[in-house]
Amino acid sequence: MRHHRPIRPSRHQQGAVLAISLIFLAILSLVGLYAMRSSILGEQVSKNIRSNEIAAQAAETALRYCEDQVRTNQAITILPESLDQSGMPTAWQTRANWFNNSISVEVPASQLAATGMRPLPVLPRCIIERMSLPPAPGEDPRAVSFMRPHLVTAVGFSADYERDSSNRAISGGEVWLQSFLIR
């Protein structure tokens, strides 16, 4: 009869497989965390791009709405000429004017709906200012006196736009557009 000896683990084993497995697991965890972080960052970037596009569409809608109001002689607020030293209108540069409905024109929600936009918490708006064109050097002033130029400035807000009591943005985005309209 033969006696079998029980197999004993070698005293020289150091646990190399365990150490390698733990290192491999740590590397996989780091790769997974990096992938999640990249995914979250990509989602935030795409949200910001979408938010900016909504604000840009709202500003474009406001700009076209106010240009049409000037072209068709609708009864909206057109500010008289008040120019700075460079000859440019100044009312649009004052932040408080944008939320004062006697100065700015708020685009009706129905106009946004007509363009296919969803309702926004802060409606886009514009300011229309008269200005004058100086004659070119040596040109007769009567050559430009019949022109009635207007500076139309519009601002659109993103759906997540919020402002503080001084009308400064707290969150969200705003897009500003300007055009010169000569009638």
Side-chain angles (χ1 to χ4, degrees), residues 27-131 149-183:
I27 290 171
L28 284 175
S29 296
L30 289 174
V31 167
L33 286 173
Y34 178 75
M36 275 188 3
R37 185 175 174 205
S38 273
S39 174
I40 290 170
L41 182 62
E43 185 68 28
Q44 289 172 339
V45 167
S46 97
K47 178 189 174 276
N48 287 340
I49 289 172
R50 181 178 184 280
S51 181
N52 188 50
E53 284 301 314
I54 288 171
Q57 288 174 5
E60 182 76 21
T61 300
L63 190 69
R64 299 299 168 232
Y65 175 77
C66 289
E67 287 175 347
D68 287 344
Q69 297 296 308
V70 172
R71 277 190 204 103
T72 59
N73 292 319
Q74 298 293 321
I76 62 170
T77 305
I78 298 178
L79 300 178
E81 192 174 297
S82 64
L83 308 176
D84 65 7
Q85 296 162 338
S86 67
M88 292 298 295
T90 59
W92 71 271
Q93 297 173 16
T94 304
R95 191 102 181 147
N97 290 346
W98 286 99
F99 295 97
N100 177 344
N101 286 342
S102 67
I103 295 174
S104 69
V105 176
E106 194 173 82
V107 176
S110 61
Q111 185 69 26
L112 289 179
T115 63
M117 290 188 69
R118 292 184 179 169
L120 295 171
V122 180
L123 292 173
R125 52 202 74 221
C126 64
I127 292 178
I128 305 166
E129 298 174 84
R130 281 196 181 101
M131 54 186 292
H150 296 81
L151 174 67
V152 181
T153 307
V155 62
F157 306 98
S158 63
D160 58 346
Y161 180 82
E162 291 181 25
R163 61 188 165 106
D164 62 14
S165 60
S166 64
N167 296 320
R168 297 275 179 205
I170 297 172
S171 67
E174 52 187 38
V175 172
W176 294 72
L177 298 174
Q178 283 187 320
S179 69
F180 288 100
L181 180 67
I182 298 176
R183 288 191 1 185

Practice prompt. Return the minimal non-hydrogen interatomic distance between Ala159 and Ile54, and the atom names on each side.
Written response: N-CG2, 4.3 Å
Item to complete: Calculate, to the nearest 0.5 Å, the distance between atoms CD and NE2 belonging to Gln69 and His150 respectively.
Response: 12.5 Å
Worksheet entry | Ile127 CD1 to Thr153 OG1 distance, which is reported to the nearest 0.5 Å | 7.0 Å
Discussion item. Rounded to the nearest 0.5 Å, what separates atom CD1 in Ile128 from atom CG in Leu63?
Written reply: 9.5 Å
Discussion item. Between Phe157 and Arg163, does the side chain to side chain contact (heavy atoms under 4.5 Å, CB included) criterion hold? Intermediate values first, please.
Written reply: CA-CA 11 Å; Phe157 306 98; Arg163 61 188 165 106; over 6 Å; no
Discussion item. Enumerate the salt bridge (charged side-chain N to carboxylate O under 4.0 Å, His left out) contacts for residues 166-177, please, sequence neighbours excluded, ordered by first and then second residue.
Written reply: Arg95-Glu174
Which atom pairs, donor and acceptor, lie under 3.5 Å between side-chain atoms of residues 35-47 and protein residues at least two apart or in another chain?
unit_1, atom_1, unit_2, atom_2, d
Ser46, OG, Glu43, O, 3.4
Lys47, NZ, Asp160, OD2, 3.4

Item to complete: Rounded to the nearest 0.5 Å, what's the gap from CD1 on Ile182 to CE on Met131? Could you check?
Response: 8.5 Å
Discussion item. Going by side chain to side chain donor-acceptor pair (under 3.5 Å), name the residues that satisfy it together with Thr72, two or more places apart in sequence or in a different chain.
Written reply: Gln74
Fill in: Least distance between heavy atoms, Phe99 atom then Ser104 atom
N-OG, 4.5 Å
Practice prompt. Mind jotting down which residue pairs meet the salt bridge (charged side-chain N to carboxylate O under 4.0 Å, His left out) criterion with at least one end in residues 60-74? Sequence neighbours excluded, please.
Written response: Glu60-Arg64, Arg64-Glu67, Glu67-Arg71, Asp68-Arg71
Fill in: Glu162: side chain to side chain donor-acceptor pair (under 3.5 Å) partners, not counting sequence neighbours
none
Discussion item. For Ala91, is there any backbone N or O sitting under 3.5 Å from a side-chain donor or acceptor partner on Asn97?
Written reply: yes
Fill in: Any donor-acceptor pair under 3.5 Å from Ser158 side chain to Gly173 backbone
yes
Discussion item. Do Trp92 and Gln178 make a side-chain contact, defined as non-hydrogen atoms from C-beta onward lying under 4.5 Å apart?
Written reply: yes
N/O donor-acceptor pairs under 3.5 Å from side chains in residues 112-126, not counting sequence neighbours:
unit_1, atom_1, unit_2, atom_2, d
Thr115, OG1, Leu112, O, 2.7
Arg125, NE, Leu123, O, 3.2
Arg125, NH1, Trp98, O, 3.3
Arg125, NH1, Glu106, OE2, 3.4
Arg125, NH2, Glu106, OE2, 3.0
Arg125, NH2, Leu123, O, 3.1

